[in-house]
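To start, the structure itself, in structure tokens.
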Amino acid sequence: MKNLFETAAIPTAFIAVMIMMCLVVGVGVNTSQAQTVVDEWSGVKIPPPPELKQANIKPETTALLLLDFNSQTCNMKTRPRCIESIPAVKKLLVDARSKGVSIIYSLSPGAEVKDIAAELTPMSGEPVVTSGPDKYLGTDLEKILKEKKIETVIVTGTAAHGAVLYTASGAAFRGMNVIVPVDGLSAESLFPELYTVWNLANAPRVSAKTVITKMGLITY
């Protein structure tokens, strides 16, 4: 009995070449479709930085959030950039208190008030909440803000890609105005800070409620 190739009078070599060509084309298509951000990581271009804008606030409806400036998360060993930010944050804190801005602190799990950097120690009556990255989660933060009739929060702290990112986003999702001074956030390195600022400036819904600024551009 004649096989198919002989019956069709098509050279076996020709068939083999055609099959190989199909396989090559198929592999090429699959490879192209398989490209991910990880595959193209080295070719990603960093976007330009956001414009730093003036932020004029009403003290009576504004709260300054100081997030996780406790020694477990803000120290020279793991996050020296946090330690370096403290003098500027202290000035912002002093100015905010003098203008009547509400001051609210947070701690990372396991920390106590005594662990907060001495320069930023809470005064009597200033609330302190304890939670993970999202300071709304499992705390009275939302209740505290509502009772104080707060409409705007100034968010500072560490880590930028943890407490700052998720608490600022949480505030925006709850309809609040958010002010993020870039000299008041910190992480282990520059990239998480860059990512956080880019995210807050560009994320859907969050960006519409957020002003990226620096402390010298905040006025009362």
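The first residue of the sequence shown is numbered 1, and numbering continues consecutively from there. Keep in mind that the numbers below use all heavy atoms, side chains included, and drop hydrogens, waters and symmetry copies.
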Would you mind reporting whether [Y] and [X] have side-chain heavy atoms less than 4.5 Å apart?
X	Y	value
I83	C74	yes
T213	Q54	no
V182	L52	yes
V180	V178	yes
Q72	D115	yes
F69	S85	yes

Under 3.5 Å, which donor-acceptor pairs link side chains of residues 151-170 to any protein atom two or more places apart or in another chain?
unit_1 : atom_1 : unit_2 : atom_2 : d
T156   : OG1    : L65    : O      : 2.8
T158   : OG1    : R79    : NH1    : 3.2
T158   : OG1    : S186   : O      : 3.1
T158   : OG1    : S186   : OG     : 3.2
T167   : OG1    : P133   : O      : 3.3
T167   : OG1    : K135   : N      : 3.2
T167   : OG1    : A163   : O      : 2.8
S169   : OG     : L165   : O      : 2.8

Would you give me the side-chain donor-acceptor pairs under 3.5 Å for residues 55-64, sequence neighbours excluded?
unit_1 : atom_1 : unit_2 : atom_2 : d
N56    : ND2    : T219   : OG1    : 2.8
T61    : OG1    : K58    : O      : 3.4
T62    : OG1    : K58    : O      : 2.7

Nearest-0.5 Å distance, NZ of residue K77 to CD of residue E188: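 The distance works out to 13.0 Å.
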Residues K53, L217; criterion side chain to side chain contact (heavy atoms under 4.5 Å, CB included); working and verdict: CA-CA 7 Å; K53 299 179 180 179; L217 293 176; over 6 Å; no
Residues which pass side chain to side chain donor-acceptor pair (under 3.5 Å) with [X], listed by chain and number, not counting sequence neighbours:
X	answer
D183	none
T36	D39
Y220	none

Just by modelled atom types, is the [Y] backbone N or O under 3.5 Å from a matching donor or acceptor in the [X] side chain?
X	Y	answer
N75	T78	yes
S131	L137	yes
E126	M123	yes

For K214, all residues meeting salt bridge (Lys or Arg N to Asp or Glu O under 4.0 Å), sequence neighbours excluded: none
For K146, all residues meeting salt bridge (Lys or Arg N to Asp or Glu O under 4.0 Å), sequence neighbours excluded: E142
Pairs touching residues 157-167 that satisfy salt bridge (Lys or Arg N to Asp or Glu O under 4.0 Å), sequence neighbours left out: none
Listed once per pair and sorted, the salt bridge (Lys or Arg N to Asp or Glu O under 4.0 Å) pairs that draw on residues 155-168, sequence neighbours left out: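 Of all non-adjacent pairs touching residues 155-168, none passes salt bridge (Lys or Arg N to Asp or Glu O under 4.0 Å).
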Give every donor-acceptor pair under 3.5 Å between a side-chain atom in residues 200-212 and any protein atom, sequence neighbours left out.
unit_1 : atom_1 : unit_2 : atom_2 : d
N202   : ND2    : W198   : O      : 2.8
S207   : OG     : A203   : O      : 2.9
K209   : NZ     : G175   : O      : 3.2
K209   : NZ     : N177   : OD1    : 3.3
T210   : OG1    : V206   : O      : 2.8

[X], [Y]: one ILVMFWY side-chain cluster at the under-4.5 Å cut-off?
X	Y	answer
F173	V129	yes
L185	Y195	yes
I116	M76	yes

What pairs of donor and acceptor atoms, side-chain ones from residues 101-113 against any protein atom, are under 3.5 angstrom apart with sequence neighbours left out?
unit_1 : atom_1 : unit_2 : atom_2 : d
Y105   : OH     : R97    : NH2    : 3.1
Y105   : OH     : L120   : O      : 2.6
Y105   : OH     : T121   : O      : 3.4
S106   : OG     : D68    : N      : 3.1
S106   : OG     : D68    : OD1    : 2.7
S108   : OG     : N70    : ND2    : 2.9

Residue pairs passing the side-chain hydrogen bond (donor to acceptor under 3.5 Å, both in side chains) test where at least one lies in residues 87-96, sequence neighbours excluded: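 The answer is K91-D95.
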